[in-house]
Amino acid sequence: MSSSPLSSRTQTLILATRNQGKVREIADALRHFGFDVRPLPDNFPEIEETGSTFEENALIKAHAVADALGLPALADDSGLEVDALNGAPGVYSARYGHDIPLLPGEDDDARNNRKLLDALSAFPHPHTGRFRCCMALVRPGKADLVRHGVWEGVIVDTPSGNNGFGYDPLFFDPELGRISGELTREEKNARSHRGKALRRLIRALEEEGSAG
Ligand code: ITT
């Protein structure tokens with residue numbers, strides 16, 4: 001991946017996400033490529049994710065923001081698919097634990113992880129699965145760009161590591177021999193579903209630039 005800016009003119013881009021874990025992983029990489037990355041305005045209304053696929057939801061979020069603000073918007077829809085659970089939590093990954101009460105001191109991510117471990121306790125090891133990410137870039141007056149990334153792994157029984165977010169403390173990368181929650185941001189981006197989708201999107205933009 002080259003590190004040269006995509007064009008001599010800085011492109012403003014709204015990150016259409018409220019997930020600060022995603023913002024941390026996406027923003028640096030895009031700035032590196034010459035984008036003026038801006039967060040979603042605080043008062044932007046909640047966007048309902050009514051799609052049944054990562055791609056549908058990514059496009060819903062990016063269109064909601066780009067159409068309302070008249071600026072290019074990049075959305076990420078992502079989640080964890082576990083084979084023993086027939087692909088759950090999938091597109092419901094962020095909301096997976098919402099049907100059980102929070103324990104004292106627990107946040108949303110910890111509750112999701114607890115529910116996942118409970119669900120998997122009935123199944124034999126290894127608990128194979130994968131993270132999936134779809135990135136959608138919507139630009140007023142231009143064609144939408146959509147790219148995907150996948151990260152294969154195994155769900156472990158005991159959370160480990162304080163880095164990343166979501167299911168990272170439970171996701172083991174067998175090729176790397178490490179748990180996602182223990183990786184630095186750079187190490188995770190090099191392997192992750194999000195890093196792959198983002199690199200593919202940047203490559204598509206570079207190809208557009210060289211074709212135009
Ligand atoms: P936005 O819609 O505002 O972007 P969200 O967290 O609701 O934020 P999604 O609907 O795409 O986003 O759900 C993604 C969930 O999948 C996320 O909350 C985590 O639970 C999980 N997830 C996705 N990528 C992950 C990663 O890199 N590491 C750990 N968990 C991840």
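Counting convention: from 1, in listed order, for ligands and their atoms alike.
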Exercise. Answer yes or no: is there a donor N or O on one side and an acceptor on the other, between the side chain of D168 and the main chain of F165, under 3.5 Å?
Key: yes

Quiz item: Side-chain donor-acceptor pair under 3.5 Å between H98 and D108, yes or no?
Solution: yes

Quiz prompt | Salt-bridge criterion met for E208 and R139 (N-O under 4.0 Å) | solution = yes

Quiz item: Charged N to carboxylate O below 4.0 Å: is that the case for E25 and R185?
Solution: no

Quiz prompt | Contacting atoms of ligand 1, where contact means under 4.0 angstrom from a heavy atom of D168 | solution = 26 (C), 28 (N), 29 (C)

Quiz prompt | Nearest neighbour in protein (non-hydrogen) for atom 10 (O) of ligand 1 | solution = E49 OE1, 3.0 Å

Practice problem: Would you check if the side chain of R132 reaches a backbone N or O of L80 as a donor-acceptor pair within less than 3.5 Å? | Solution: no

Practice problem: List the closest protein heavy-atom neighbour of atom 18 (O) of ligand 1: residue, atom name, distance to the nearest 0.1 Å. | Solution: A94 CB, 3.5 Å

Quiz item: With respect to atom 2 (O) of ligand 1, which of R132, K61, R18, E46 exhibits the smallest heavy-atom separation?
Solution: K61

Practice problem: State whether the number of non-hydrogen atoms from other residues, nucleotides or ligands found under 6.0 Å of N162 atom CG is greater than 12. | Solution: no

Self-check item: Numbering as shown, the atoms of ligand 1 that approach K188 to under 4.0 Å (heavy-atom distance)
Solution: 26 (C), 27 (O), 28 (N)

Quiz item: Does some non-hydrogen atom of G164 fall short of 4.0 Å from ligand 1?
Solution: no

Quiz item: In terms of residue, atom name and distance, what is the protein heavy atom nearest to atom 31 (C) of ligand 1?
Solution: F131 CE2, 3.5 Å

Quiz item: Who's the nearest protein heavy-atom neighbour of atom 4 (O) of ligand 1, and how far?
Solution: T17 OG1, 2.6 Å

Quiz item: Any luck finding a side-chain donor-acceptor pair between D76 and T17 under 3.5 Å?
Solution: no

Quiz item: For H193, is the nearest heavy atom under 4.0 Å from an atom of ligand 1?
Solution: yes

Quiz prompt | Contact check, D77 vs ligand 1, heavy-atom distance below 4.0 Å | solution = yes

Exercise. Look at the side-chain heavy atoms of Ile, Leu, Val, Met, Phe, Trp and Tyr, link any pair under 4.5 Å apart, and say whether L137 and L40 land in one connected group.
Key: no

Quiz prompt | Those atoms of ligand 1 less than 4.0 Å from some heavy atom in G166 | solution = 29 (C), 30 (N)

Exercise. Return the option from G79, S78, A16, G90 holding the heavy atom at the smallest distance from atom 14 (C) of ligand 1.
Key: S78

Quiz item: Residues two or more places apart in sequence or in another chain: which of them pass side chain to side chain donor-acceptor pair (under 3.5 Å) with H148?
Solution: E55

Quiz item: Is there a donor-acceptor contact under 3.5 Å linking the side chains of H127 and D83?
Solution: no

Quiz item: Identify the closest protein heavy atom to atom 29 (C) of ligand 1: which residue and atom is it, and at what distance?
Solution: F165 O, 3.0 Å

Quiz item: Where is the nearest protein heavy atom to atom 11 (O) of ligand 1: which residue, which atom, and how far?
Solution: K22 NZ, 2.8 Å

Quiz item: What's the shortest distance from atom 16 (O) of ligand 1 to any protein heavy atom, and which residue and atom give it?
Solution: S93 CB, 3.3 Å

Quiz item: Looking only at atom types and distance, does a side-chain atom of N112 sit under 3.5 Å from a main-chain N or O of G97, one as donor and one as acceptor?
Solution: yes

Quiz item: Do any nitrogen or oxygen atoms of D109 lie less than 3.5 angstrom from nitrogen or oxygen atoms of ligand 1?
Solution: no

Self-check item: ligand 1 to R194 polar contact by distance, N or O atoms, under 3.5 Å
Solution: yes

Practice problem: Compute whether any side-chain donor of one residue and acceptor of the other, for E182 and S160, lie under 3.5 angstrom apart. | Solution: yes

Quiz item: Which atoms of ligand 1 have any heavy atom of N19 under 4.0 Å away?
Solution: 3 (O), 6 (O), 8 (O), 18 (O)

Quiz prompt | Heavy-atom nearest neighbour in the protein, as seen from atom 20 (O) of ligand 1, with distance rounded to 0.1 Å | solution = Y167 CE1, 3.2 Å

